[in-house]
Amino acid sequence: MDYQASNHTQGLHLSGDGNVTENGAYSEQYGDHIVQIGHTSLAEGAEQNYAHGRNPELGQANRQDHKDSLNRYVLVEDKEKDKDHYLNPDDGKLVLLRVQRTEEYRREPGITTTWSDPLEPNPFVHSWKAFREVPWNILTWTYGSRLRERSVREGSLSPSRGPHNPSDIYWKYPVACLLLTLTALFGKFEGKAYPGGRYPPVRYKYFSYPKTPRNKREAADFDQTGKLEESVPLLETINENRAPSSDTASENSLQDGSVEDGVLIFRRHLRPRTLCMIRENGDGSIYVEQIDSIESERDDSANEKGEYVFVSYTRAQFQTYSRDDMSGWAPPSTDKERRIRDFMEAQYEADRQRLLEVGVQAARDAGVQAFWIDVYCMENAELRKMDSHRICDVARGAKSMVIAIQDTVEDRALRRPAQTMDRLLKSWSSRLWTLPEMLLAPTRHDFKIYLARDGVKLFDTIPKRAMAARAYPRKDAMLIRQLVDHFEASQQLTNTELLTLGLECLVNREKNFFMPADPVYALMTMARRRPIPNANDTLFEAFAKLSLLSDSNSLLERLICTLPRRRGEHWYKLEDFWGAKLWDIEPTVQVSAIASDQTVVLDGGFGATINWGELKRVGFLKRRTIWRSVGVFVVSFAPIWLIVGIILLYVYSTPIETGYNRTTFELTYQTNPLVAVGIIFFLIAFSAVASLPYAMLSLYSGKFWSTQALLFGIEGQADIEWLERRLFGFTEGRLRWSAWGSTQSLHHLKSTTDGAKWINGEVEALEPRDTPLEDAKKLKTEPDRVFTIVDTYSMTATLIRAVHPPTVALVCGQEGGMRRVLLCSYDYSTQTFHRETVIRMPTKVLDRMDRVDKFRFSMANMRLGSSKNGSSDTSTATL
């Protein structure tokens with residue numbers, strides 16, 4: 001039933017496509033914890049402090065900006081509050097984010113950046129590091145082009161992009177021998193390594209109370225004696241550390257809910273509260289009777305079985321808004337609106353009477369004495385708020401459902417020509433609540449269509465299975481037919497498929513909001529366990545509660561792992577960039593709680609920290625062979641042997657005195673036999689020096705058995721060969737672009753005509769193309785930028801676009817043989833990781849990742865600049 005009144009939003013501000021923007025945020029310190037106090041203003045927070053016996057001024061003076069995993073509080077400087085920060089993996093401290101960028105990358109003018117450039121290095125430290133890098137540069141200068149040509153022949157690299165003279169090696173090699181002798185002793189060859197070669201961990205811990213925990217003992221209002229306070233239902237509304245607003249609200253919540261397994265859920269009514277009864281005098285008049293009264297008086301005759309007909313209609317066609325309802329609307333601003341408003345006031349009683357006639361005729365045609373129609377059976381304003389979300393339960397219990405149609409109110413007010421029945425059916429089906437009514441109505445009777453034009457008459461009878469083709473547009477018809485087949489038991493959908501298809505259909509329906517989360521409340525009619533509707537819940541919060549309560553097969557966890565096709569798209573569009581459906585994704589995390597500002601608390605994820613500061617040499621492991629062992633020996637001792645040999649030659653080159661020649665009266669000398677030791681050492685050192693470039697090349701070139709797992713980030717699109725030289729010293733095609741890791745990744749079938757080696761069906765990753773995703777229509781999005789993410793364990797580089805440089809990679813699911821990895825920025829003020837984009841990484845990365853303690857997560861990008869700090873306004877629930 002299209003029963004949604006737009007004047008019942010209870011102080012919420014509707015924006016965009018019915019999304020809720022919640023006011024302000026206030027935090028309070030409780031001992032060792034910083035707790036977010038819901039959506040209250042500073043004044044409200046002060047009142048709550050006094051209520052708790054605290055001084056609000058003292059509480060604000062002690063308020064800190066962040067608390068890290070080692071329980072250290074941090075007060076961020078004012079000049080850095082609007083800057084991006086990250087958690088240092090070495091010590092867990094909150095650190096200002098500094099981002100390196102490629103030499104060719106130039107930021108677009110006028111675009112805000114919330115991160116800093118790297119600090120200018122200390123000249124002495126920089127010079128020392130540069131000196132230690134000299135041996136690598138010498139080897140690259142000597143062998144770089146030859147190694148690249150070899151990799152081209154092996155198919156690891158594309159053909160050379162510049163001239164190459166193979167004879168250069170003949171004069172470069174002697175020079176390299178000399179230079180390496182002078183620098184190899186102090187050179188840095190081994191890259192940075194962590195214990196076990198593991199990724200740098202995410203040192204995070206969440207300290208605040210969630211808004212709605214999965215486990216009731218984690219609730220802020222849980223009585224430490226072991227009981228949950230009855231005044232605050234677990235999955236209804238828990239505002240952190242706040243008592244319910246009134247006793248009346250609590251009583252109403254308990255009346256509307258029932259406790260099941262210790263959880264308060266939305267109570268289902270087996271019968272409607274009231275029914276319209278047809279008087280037996282035959283004049284077609286009715287009276288509204290309470291069900292309890294009917295039950296006590298009915299007998300066992302054929303027409304006294306408590307059966308009734310459910311009448312479905314839409315307010316776009318029948319004007320049932322009273323003057324009191326319309327008094328809260330905005331006054332008409334155009335002549336067209338004034339004409340429609342005047343017509344509505346005049347037509348109110350006539351349309352109610354037409355609906356009454358439809359109900360009477362439908363009940364008589366069905367052989368029953370009662371019918372249900374909301375405009376007569378839901379006149380109690382206090383009960384109407386919750387009972388409007390039980391209309392589908394009334395449809396479930398009916399003997400049959402009929403559909404009342406007529407020309408729309410607007411068409412009649414403007415005196416437009418009468419519409420065909422198919423158009424009127426499509427007008428009826430476009431409304432939000434008519435879809436679950438149609439799906440849940442009994443299937444043993446076909447739908448009778450009553451047309452209220454020049455009297456009421458039965459116009460047509462349509463089987464439920466034909467409704468998708470007759471009443472719904474083509475874009476929805478196939479999905480709705482699958483739902484119909486499920487409820488007719490001709491095919492069985494899983495819970496994930498049912499809720500996914502249902503939500504996809506419901507968000508496309510037109511709606512007037514009685515509550516902002518009505519599309520989800522319409523969806524929950526298909527679930528067994530439902531959360532209690534709440535006017536303060538956003539669409540996302542209601543969906544999260546439904547996912548936690550029902551056996552949805554981790555529906556919300558699957559949704560978190562998707563990447564929308566368009567930037568800024570609403571989360572409920574359920575479109576994935578890679579074309580995966582929710583049931584294709586296998587989540588590896590669990591939503592443990594719902595937090596404020598449309599965020600959730602996740603547990604069970606793996607994670608790693610991304611290094612944006614500088615590129616460092618990466619440690620690696622190669623197969624140990626005899627020649628590599630000799631190479632290590634040569635590289636380690638060649639300069640020392642040369643020095644020892646020179647010293648021995650110098651010391652023992654002086655002849656030793658052997659006697660005195662009495663004839664010539666002169667001393668006699670002979671060559672010191674120990675000079676042979678110096679010669680031997682020198683020859684050995686000379687041989688070692690002569691083989692030094694080759695020995696070093698054998699150690700640090702070629703294939704790796706394993707590498708230190710690190711994630712590096714660079715602003716801009718980096719050259720893949722430059723990256724490999726910086727990280728591993730040589731360009732040999734070991735570092736590749738990801739073939740299908742991000743929205744920018746490209747691949748093709750490897751060519752067989754360029755002379756490179758290949759196998760049948762071999763996939764080759766191409767250099768990514770910077771193609772921004774299309775922005776969602778009518779939604780303002782922050783400008784995104786190009787970044788390069790390098791994974792040294794899988795030896796791949798991935799090009800991404802994001803608003804902020806993501807500082808952590810969180811593995812939350814798997815699909816298509818790869819892991820779904822959420823690249824997130826960090827909002828220190830709310831302890832929240834904000835999803836910037838989603839990439840796909842090979843499964844083996846889990847071998848080197850550590851678990852992340854349960855963390856707060858938002859599917860929305862973190863805002864740029866001052867708008868992101870203090871409260872992350874994610875009310876539009878975009879991805």
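These values consider heavy atoms only, across backbone and side chains, with no hydrogens, waters or symmetry-generated copies.
In plain terms, the two heavy atoms of Pro201 and Pro89 that are nearest each other are O-CB, 3.3 Å. Pairing each heavy atom of Ala860 with each of His834, the nearest pair is O-ND1, 3.0 Å. Heavy atoms only, all atoms of each residue included: Thr609 and Leu87 are closest at CG2-O, 4.0 Å. When all heavy atoms are compared, the tightest approach of Leu602 to Cys812 is CD1-SG, 4.5 Å. Nearest heavy atoms, Ser547 versus Glu557: OG-OE1, 4.3 Å.
Note: Tyr199 and Phe606 fail the aromatic proximity criterion, with ring centroids not under 6.0 Å apart.
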Exercise. What's the verdict on ring-ring contact (aromatic ring centres under 6.0 Å, His included) for Tyr86 and Trp612, showing C-alpha distance, side-chain angles and the deciding distance?
Worked result: CA-CA 10 Å; Tyr86 75 103; Trp612 291 90; 9.7 Å; no
For this session: Kindly determine whether Trp571 and Phe540 satisfy side chain to side chain contact (heavy atoms under 4.5 Å, CB included), including the steps that lead there.
Result: CA-CA 8 Å; Trp571 63 268; Phe540 176 79; 3.7 Å; yes
Problem set entry | Test salt bridge (charged side-chain N to carboxylate O under 4.0 Å, His left out) applied to Asp584 and Arg558, step by step | CA-CA 9 Å; Asp584 296 327; Arg558 298 170 190 268; over 6 Å; no
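A heavy-atom distance below 4.5 Å is not found between the side chains of Leu766 and Trp737. Arg566 has its side chain out of reach of Leu773: every pair of non-hydrogen atoms, C-beta onward, lies at least 4.5 Å apart. Side-chain atoms of Cys824 and Leu810, non-hydrogen and from C-beta on, do get closer than 4.5 Å to each other. Side-chain contact between Leu574 and Leu582 is present, with heavy atoms from C-beta onward closer than 4.5 Å. Contact annotation: the side chain of Val808 never approaches that of Val852 to less than 4.5 Å [non-hydrogen atoms, C-beta and beyond]. Here the side chains of Glu764 and His748 are in contact, with some heavy-atom distance below 4.5 Å. You'll find the side chain of Gln598 stays beyond 4.5 Å of the side chain of Met859, heavy atoms only. By the 4.5 Å heavy-atom criterion applied to side chains, Ile714 and Leu723 are counted as neighbours.
Between Phe857 and Phe855, the ring planes are perpendicular. Angles over 60° get that label, and only those under 30° would be called parallel. In this pair, Phe833 and Tyr826 present their aromatic rings tilted. The plane angle is within the 30 to 60° band. Using cut-offs of 30° and 60° for the angle between ring planes, the His747 and Trp740 rings count as perpendicular.
Salt-bridge annotation for Lys83 and Glu80: absent, with no side-chain N of the basic residue lying under 4.0 Å from a carboxylate O of the acidic one. Asp784 has a carboxylate O that lies under 4.0 Å from a charged side-chain N of Arg801, or vice versa, which qualifies the two as a salt bridge. Under the 4.0 Å criterion applied to side-chain N and carboxylate O atoms, Asp91 and Arg203 are not assigned as salt-bridge partners. For the pair Lys581 and Glu497, the salt-bridge criterion is not met [side-chain N within less than 4.0 Å of a carboxylate O]. Residues Asp850 and Arg198 are paired through a salt bridge, judged by an N-O separation under 4.0 Å between the basic side chain and the carboxylate. We find that Glu732 and Arg734 are joined by a salt bridge, their nearest charged nitrogen and carboxylate oxygen being less than 4.0 Å apart. With respect to Arg820 and Asp576, a salt bridge is recorded, a charged nitrogen being found less than 4.0 Å from a carboxylate O.
Put simply, OG1 on Thr588 and CZ on Arg819 are 6.0 Å apart, with the number rounded to the nearest 0.5 Å. Taking NZ from Lys93 and NE2 from His85, the interatomic distance works out to 14.0 Å, rounded to the nearest 0.5 Å. Here the straight-line distance linking atom CG of Leu548 with atom OG of Ser592 works out to 8.5 Å at 0.5 Å rounding.
With Arg835 as the fixed residue, the side-chain contact (heavy atoms from CB on, under 4.5 Å) test singles out one of Leu823, Leu822, Asn861: Leu822. Shown are Val838, Val786, Ile839; of these, the side-chain contact (heavy atoms from CB on, under 4.5 Å) with Ile800 is made only by Ile839.
In this structure, the side chain of Thr496 does not engage the main chain of Trp583 through any donor-acceptor pair within 3.5 Å. With hydrogens and angles ignored, the 3.5 Å screen pairs a side-chain donor or acceptor of Thr707 with a backbone N or O of Thr792. Side-chain atoms of Asp68 come within 3.5 Å of backbone atoms of Leu70 as a donor-acceptor pair (strictly under, hydrogens ignored). With hydrogens and angles disregarded, no donor-acceptor distance shorter than 3.5 Å links the side chain of Ser116 to the backbone of Arg98. Side-chain atoms of Gln100 come within 3.5 Å of backbone atoms of Gly713 as a donor-acceptor pair (strictly under, hydrogens ignored). A donor-acceptor pair under 3.5 Å links the side-chain atoms of Arg851 to the main chain of Gly604, judged by distance alone. Without hydrogens or angle criteria, Gln717 side chain to Pro768 main chain gives a donor-acceptor distance under 3.5 Å. Of the possible polar contacts, none joining the Thr832 side chain to the Arg856 backbone as a donor-acceptor pair under 3.5 Å is found. Distance alone, capped at 3.5 Å, is enough to place a donor-acceptor pair between the Thr788 side chain and the Ala718 backbone.
The closest side-chain donor-acceptor pair between Gln831 and His66, if any, does not fall under 3.5 angstrom. With no hydrogens or angles considered, no side-chain donor-acceptor pair links Asp791 and Thr796 at under 3.5 Å. Looking at Arg567 and Thr743, their side chains never bring a donor and an acceptor atom within 3.5 Å of each other.
Counting non-hydrogen atoms of neighbouring residues, nucleotides and ligands closer than 6.0 angstrom, the CG atom of Asp770 exceeds 12 such neighbours.
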